[in-house]
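All remarks here apply to the structure that follows.
Please read these numbers as outputs of a predicted model, since none were measured by experiment.
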Amino acid sequence: MCQNPKCDISSAALHILAMGFMLCDHMWAMLFPAEEWLTCIGRIAFPIFAFMIAEGYLRTRNLRRYLLRMLVGALLAEIPFDLMYSSSIFYPYHQNVLWIFLLSLLLIMLIEKSRARFGPILAALSTTGLVILGFFLGYAIMADYYGVGVLTVLTFYFFRKQNWKSRLCQFVCLYILNVELLGGYYDVVSVFGHEIEIIRQGFALLALIPIWLYRGRQGIHSKGFQYFCYAFYPVHMLLLFGVREWMIR
């Protein structure tokens with residue numbers, strides 16, 4: 001791992017990388033289903049976003065405003081997501097991923113309140129209960145990535161230190177969540193004439209490389225860039241839906 005501060009990755013760069021990977025995944029889903037390498041690359045996006053949500057909670061100066069922005073974003077993204085997912089402006093059976101992020105933020109807030117209020121044993125019990133509750137609520141609200149998405153955000157919250165122990169825990173948790181729980185689709189890769197089956201969701205573990213290069217530097221932090229990041233999710237889905245409809249006609 002590079003220790004030179006000049007080779008670290010800023011928060012802004014992580015956002016740009018995650019948006020690019022997400023765009024690849026959605027281009028595969030909407031426009032180029034035969035190009036499966038796009039969705040393999042796209043697996044990297046969610047863990048980076050999940051990491052940034054946990055990081056955002058820890059660094060925000062106004063938690064209430066942060067939660068409000070996430071709520072507004074989830075509401076604004078719902079119709080574009082439904083159009084992309086089902087070609088309908090209302091599809092109640094699957095929700096956009098921002099609801100998972102909002103739920104995760106609320107859970108972290110409750111976990112911190114329980115730790116501040118209770119002793120070690122009660123705090124541990126309440127934290128465990130909240131994690132389990134969050135996992136099942138992720139499935140109950142039928143949002144993208146479901147309960148696994150909630151556990152991914154919580155992984156980066158619990159193991160947030162920049163040391164080898166936290167990074168090992170991040171790797172193990174992401175392996176369990178993506179390979180053991182979400183694994184299913186396999187891609188065949190030829191290496192020196194030998195075919196190897198790789199679990200597609202396992203590509204998500206590659207997200208740890210840029211995450212581990214992050215040292216807390218913010219990078220670009222103008223209001224314009226912030227608005228661009230918030231607008232990218234619903235706008236790119238609307239654009240992809242429009243392009244798909246144009247291609248069909």
Side-chain angles (χ1 to χ4, degrees), residues 14-16 18-33 38-39 42-57 60 62-110 133-154 156 177 182 201 204 223-248:
L14 280 178
H15 274 101
I16 292 171
M19 289 187 293
F21 292 137
M22 178 176 62
L23 178 61
C24 288
D25 189 43
H26 290 170
M27 286 175 63
W28 166 80
M30 297 286 289
L31 306 176
F32 309 112
L38 285 171
T39 189
R43 300 304 90 201
I44 304 174
F46 182 78
I48 298 178
F49 280 124
F51 170 78
M52 296 310 301
I53 290 297
E55 183 73 4
Y57 178 92
T60 185
N62 191 321
L63 179 58
R64 182 174 297 180
R65 187 177 299 173
Y66 189 34
L67 291 169
L68 180 60
R69 287 200 303 266
M70 196 61 61
L71 174 61
V72 172
L75 291 170
L76 293 177
E78 195 56 39
I79 290 179
F81 180 83
D82 289 346
L83 286 171
M84 185 185 75
Y85 194 85
S86 67
S87 298
S88 170
I89 62 172
F90 180 69
Y91 187 76
Y93 308 108
H94 198 58
Q95 322 306 325
N96 74 79
V97 75
L98 296 184
W99 295 109
I100 289 294
F101 292 153
L102 178 60
L103 173 60
S104 300
L105 289 170
L106 291 171
L107 285 169
I108 294 174
M109 181 183 69
L110 291 175
L133 175 64
F135 178 75
F136 287 106
L137 282 177
Y139 283 93
I141 65 176
M142 297 182 290
D144 218 11
Y145 276 90
Y146 301 98
V148 171
V150 174
L151 294 187
T152 303
V153 177
L154 294 180
F156 290 116
L177 294 173
L182 291 180
Q201 194 61 36
K223 285 291 184 182
F225 181 74
Q226 186 181 62
Y227 292 145
F228 169 77
C229 290
Y230 277 107
F232 182 83
Y233 186 53
V235 170
H236 93 277
M237 290 188 292
L238 283 175
L239 290 175
L240 288 176
F241 172 75
V243 172
R244 185 181 65 179
E245 293 299 301
W246 175 78
M247 291 174 63
I248 292 174

Distance (rounded to the nearest 0.5 Å) between Y139 OH and Y146 OH: 8.5 Å
CZ-CZ distance between R244 and F32, expressed to the nearest 0.5 angstrom: 13.0 Å
Separation of I100 CD1 from D144 CG (nearest 0.5 Å): 8.0 Å
Residues that R65 engages under side chain to side chain contact (heavy atoms under 4.5 Å, CB included), provided they are two or more places apart: N62, R69
Sidechain-backbone polar pair: W28 side chain, P33 backbone, donor-acceptor under 3.5 Å: yes
4.5 Å side-chain heavy-atom contact, M22 and F49: yes
Contact check, side chains of S87 and L83, non-hydrogen atoms, under 4.5 Å: no
Aromatic ring pairing Y233/H26, orientation class (parallel under 30°, perpendicular over 60°, tilted between): tilted
side-chain contact (heavy atoms from CB on, under 4.5 Å) assessment of M30 paired with V243: CA-CA 9 Å; M30 297 286 289; V243 172; over 6 Å; no
From N96 atom CG to F101 atom CZ, the distance as rounded to the nearest 0.5 Å: 9.5 Å
Residue pair C24 / L38: nearest heavy atoms and the distance that separates them: O-CB, 3.4 Å
Side-chain heavy-atom pair V153, I108 within 4.5 angstrom cut-off: yes
Whether F46 and Y145 hold their rings parallel, tilted or perpendicular, with breakpoints at 30° and 60°: parallel
Residue pair I48 / I44: nearest heavy atoms and the distance that separates them: CG1-O, 3.5 Å
Closest non-hydrogen atom pair, L107 against G134: CD1-CA, 3.4 Å
Polar contact flag, side-chain donor to acceptor under 3.5 angstrom, T39-D25: yes
Side chain to side chain, M19 and L23, heavy atoms closer than 4.5 Å: no
Distance (rounded to the nearest 0.5 Å) between L106 CG and M70 CE: 10.5 Å
Atom pair CG/CG of L154 and L103 - distance to nearest 0.5 Å: 8.5 Å
Contact check, side chains of L240 and L31, non-hydrogen atoms, under 4.5 Å: yes
Criterion ring-ring contact (aromatic ring centres under 6.0 Å, His included) on Y93 and Y91, from CA distance to verdict: CA-CA 6 Å; Y93 308 108; Y91 187 76; 5.4 Å; yes
Heavy-atom pair with the smallest gap, counting every atom of G138 and I141: O-CG1, 3.6 Å
Plane angle bin for F81 and Y85 - parallel if under 30°, tilted between 30 and 60°, otherwise perpendicular: parallel
Any E55 side-chain heavy atom under 4.5 Å of F156 side chain: no
A18 to A45 - nearest heavy-atom pair and separation: O-CB, 3.5 Å
Student check: side-chain heavy atoms of R43 and F21 closer than 4.5 Å: no
Residue I248 excluded, over 12 heavy atoms near CD1 under 6.0 Å: yes
Considering all heavy atoms, the nearest G149-S104 contact: O-OG, 4.5 Å
Derivation of the side-chain contact (heavy atoms from CB on, under 4.5 Å) call for E78 and W99: CA-CA 10 Å; E78 195 56 39; W99 295 109; 3.0 Å; yes
Under 3.5 Å: donor-acceptor pair, side chain of D82, backbone of S88: no
Pair Y227 and F225, ring centroids less than 6.0 Å apart: no
Non-hydrogen side-chain atoms of M109 and L63 separated by less than 4.5 Å: yes
Chi angles and distances behind the side-chain contact (heavy atoms from CB on, under 4.5 Å) call for V150, L137: CA-CA 9 Å; V150 174; L137 282 177; over 6 Å; no
